[in-house]
Amino acid sequence: MKIGVAREIKSDEYRVALTPAGARELVQRGHEVTVESGAGEGSAFADAQYAAVGAALAPVDDVWAGSDLVLKVKEPLPEEYPRLREGQILFTYLHLAASKELTDALVASGATCVAYETVETAGGALPLLAPMSEIAGRLAAQAGAYFLEKPLGGRGLLLGGVAGVAPGRVLVIGGGIVGYNAAVIAIGLGASVTILERSIDRMRHLDEILSGRVSLVMSSTLQIEESVRDADVVIGAVLIPGAKAPKLITRPMLAEMKHGSVFCDVAIDQGGCAETSKPTTHTDPVYVVDGVTHYCVANMPGAVPITSTKALTNATLPYVESIASNGLTEAVALDPGLAPGVNVLGGKVTYQAVAEAHGLEYTPLYEVLA
Ligand SMILES: NC(=O)c1ccc[n+]([C@@H]2O[C@H](COP(=O)([O-])OP(=O)(O)OC[C@H]3O[C@@H](n4cnc5c(N)ncnc54)[C@H](O)[C@@H]3O)[C@@H](O)[C@H]2O)c1
């Protein structure tokens, strides 16, 4: 198959959809890989590294026009819509429920659009979303430690403490992928860590894998109220699949927090879990409400593109290999978890939640897949 890797044009997006290592795997299997010149620069991959493994370098027009399968990281922007064509496969993050305009453009293009975020494992997990949650969780603990420093407006507390001085307290609300990874780094920094969860099974699992190094407590409004008051860093990591994040931290609760404490709301991409949360960017990541530093960056993995690119492509490559080697129909037959990834095919919306979000007709994938 002819596989194209387009450069990301969204502002502050430095990731690329394929590493030179991934390009080599595909070339080795007999595929033709064309990478847009400069596509890997933001992730520290030079054009020469792609050329060295047998990929071609080309300008943007040639990458889109000459590829059967186009790999990207972010959804296409309006200037990219006309580049899509019937029969072409686009594999990228799409988040279509959030944009009618983009959904209409993809439907009109006739292309097959496969979204990373809705591909599933046999157990219903989201394997192409998970690596970004791992990164965001780990970054959240780092951001918490950093913004506790006095010159940055923090309390002036070293999260790990030292011999004879107690460590800081980190409260993680939600013990899923983000929460677990935040806890691992906070423990590593020497902090005293509490995770509030509402799934008992998940808490049992966390207890096992964290070997008792964190306090695991059932989440409730009263518990959140009490725990938030004592914490130096609070990390919001809840998710209710398919819904906006619940507003678990109210303004009065926040006002009870210590002056100079830090609140990292990782769940901000789902609306945030505090009444005071609003999205920020890497260029201006924090703001202060009632003396509490809020870090609410909506695309946290964007800060570490070298790590994010590798983590993302480690997860996507097996799917790319399967689509390229088998064709989409066969790839879906071999791995039914790929089917929910197909959001739009041949002018039809094939993912029910997206169709419902925009009042469009839903066509089950198996009705349109050749
Ligand atoms: N800001 C970013 O850059 C970024 C990056 C990746 C993920 N995220 C977001 O982080 C959030 C968490 O993602 P995840 O992958 O860890 O999800 P996940 O499904 O793995 O974990 C969410 C956890 O929250 C728990 N939960 C739900 N309601 C709760 C409550 N009331 N109290 C305590 N726990 C509760 C669930 O039981 C689950 O264990 C999501 O909103 C996700 O979109 C943000």
Side-chain angles (χ1 to χ4, degrees), residues 10 12-15 73-74 93 95 97-98 115-118 120-121 123-144 171-185 194-207 209-210 214-228 234-250 253 263-274 277-282 285-286 294-305 307-308 311-312 315:
K10 194 163 183 168
D12 278 339
E13 181 54 67
Y14 302 104
R15 287 173 291 178
V73 176
K74 298 301 286 183
Y93 285 119
H95 297 287
Y116 292 155
E117 72 275 7
T118 55
E120 292 180 10
T121 64
L126 305 173
L128 304 188
L129 214 47
M132 297 304 110
S133 288
E134 290 177 295
I135 290 172
R138 287 171 182 238
L139 276 174
Q142 288 185 192
L171 174 71
V172 181
I173 308 179
I177 298 175
V178 168
Y180 164 72
N181 282 277
V184 164
I185 296 302
T194 300
I195 300 179
L196 302 187
E197 234 307 328
R198 60 171 199 178
S199 154
I200 291 177
D201 284 344
R202 181 66 188 167
M203 280 196 276
R204 281 200 187 105
H205 180 63
L206 289 171
D207 190 41
I209 57 177
L210 291 170
V214 297
S215 302
L216 290 157
V217 183
M218 175 54 78
S219 180
S220 67
T221 304
L222 181 63
Q223 189 60 54
I224 292 171
E225 203 170 80
E226 289 176 3
S227 303
V228 156
V234 174
I235 296 174
V238 292
L239 177 68
I240 297 177
K244 288 190 87 172
K247 298 287 181 203
L248 300 174
I249 302 177
T250 61
M253 284 185 203
F263 171 48
C264 296
D265 198 351
V266 186
I268 191 67
D269 61 340
Q270 301 291 332
C273 61
S277 301
K278 60 174 194 233
T280 59
T281 62
H282 287 297
V286 294
H294 287 53
Y295 175 98
C296 301
V297 176
N299 65 330
M300 293 175 67
V304 288
T307 309
S308 302
L312 178 64

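Just follow the structure's listing: the first ligand is 1, and inside any ligand the first atom is 1.
- The residue among Ile200, Leu129, Val178 with a heavy atom at the shortest distance from atom 16 (O) of ligand 1 is Val178.
- By the criterion of a heavy-atom distance under 4.0 Å, the side chain of Gln270, and not its backbone, is placed next to ligand 1.
- Looking from atom 19 (O) of ligand 1 to the surrounding protein, the closest heavy atom is Leu239 CD2, 3.5 Å.
- Counting protein heavy atoms only, atom 2 (C) of ligand 1 is closest to Ala298 O, 3.4 Å.
- In summary, the atoms of ligand 1 found under 4.0 Å from a heavy atom of Ser133, numbered by their order in the structure, are 6 (C), 7 (C), 13 (O), 14 (P), 15 (O).
- Residue-level proximity to ligand 1 for Ala130 is absent, since no heavy atom of it falls below 4.0 angstrom.
- Distances from ligand 1 to the non-hydrogen atoms of Pro246 include no value under 4.0 Å.
- Contact atoms of ligand 1 toward Ser219: 30 (C), 32 (N), 33 (C) (distance under 4.0 Å to a heavy atom of the residue).
- Of all the heavy atoms of Val297, the ones lying under 4.0 Å from any atom of ligand 1 belong exclusively to the backbone.
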Step by step, work out the side-chain contact (heavy atoms from CB on, under 4.5 Å) result for Val172 and Tyr180. CA-CA 9 Å; Val172 181; Tyr180 164 72; over 6 Å; no
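- Every atom of ligand 1 is numbered from 1 in the order shown, and the set under 4.0 Å from a heavy atom of Leu196 is 33 (C), 34 (N).
- Nearest-heavy-atom check against atom 43 (O) of ligand 1 across Val172, Asp269, Leu126 picks out Asp269.
- Among all non-hydrogen protein atoms, the one lying nearest atom 5 (C) of ligand 1 is Ala136 CB, 3.4 Å.
- Taking a cutoff of 4.0 Å between a charged side-chain nitrogen and a carboxylate oxygen, Arg204 and Asp207 do not qualify as a salt bridge.
- Checked by atom type and distance alone, the side chain of His95 never pairs as donor or acceptor with a backbone atom of Lys74 at under 3.5 Å.
- Ligand 1 has at least one atom lying under 4.0 Å from a heavy atom of Ala237.
- Residues Pro246 and Ile240 form a side-chain contact, since some pair of their non-hydrogen atoms from C-beta on lies under 4.5 Å apart.
- Considering backbone and side-chain atoms alike, Val266 places an N or O below 3.5 Å from some N or O of ligand 1.
- Side chain of Arg202 to backbone of Gly175: a donor-acceptor contact under 3.5 angstrom is found.
- For atom 21 (O) of ligand 1, the closest heavy atom belonging to the protein is Gly176 CA, 3.1 Å.
- For Ile200, the CD1 atom counts as loosely surrounded, since its 6.0 Å shell holds 12 or fewer non-hydrogen atoms of other residues, nucleotides or ligands.
- In terms of protein heavy-atom proximity, atom 20 (O) of ligand 1 is nearest to Ile177 N, 3.0 Å.
- With ligand atoms numbered from 1 in the order given, ligand 1 contributes 3 (O) to contacts under 4.0 Å with heavy atoms of Asn299.
- Listed by atom number, the atoms of ligand 1 under 4.0 Å from Pro301 heavy atoms are 3 (O).
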Under the criterion side-chain contact (heavy atoms from CB on, under 4.5 Å), I'd like the reasoning laid out for Ile195 against Met203: C-alpha separation, chi angles, the key distance, then a yes or no. CA-CA 9 Å; Ile195 300 179; Met203 280 196 276; over 6 Å; no
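- In this structure, atom 3 (O) of ligand 1 lies nearest to the protein heavy atom Met300 N, 2.7 Å.
- Ligand 1 places these atoms under 4.0 Å from at least one heavy atom of Ala267: 41 (O).
- Regarding atom 34 (N) of ligand 1, its nearest protein heavy-atom neighbour is Gly174 CA, 3.4 Å.
- The local environment of NZ in Lys247 is crowded, with over 12 non-hydrogen atoms from other residues, nucleotides or ligands closer than 6.0 Å.
- The option with the heavy atom closest to atom 36 (C) of ligand 1, from among Glu197, Arg202, Arg198, Glu134, is Glu197.
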Take Val73 and Tyr93 through the side-chain contact (heavy atoms from CB on, under 4.5 Å) test and state the conclusion after the steps. CA-CA 6 Å; Val73 176; Tyr93 285 119; 4.3 Å; yes
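- Of all protein heavy atoms, the one closest to atom 35 (C) of ligand 1 is Val238 CG1, 3.5 Å.
- At a threshold of 4.5 Å between non-hydrogen side-chain atoms, the residues Tyr14 and Ser308 do not count as touching.
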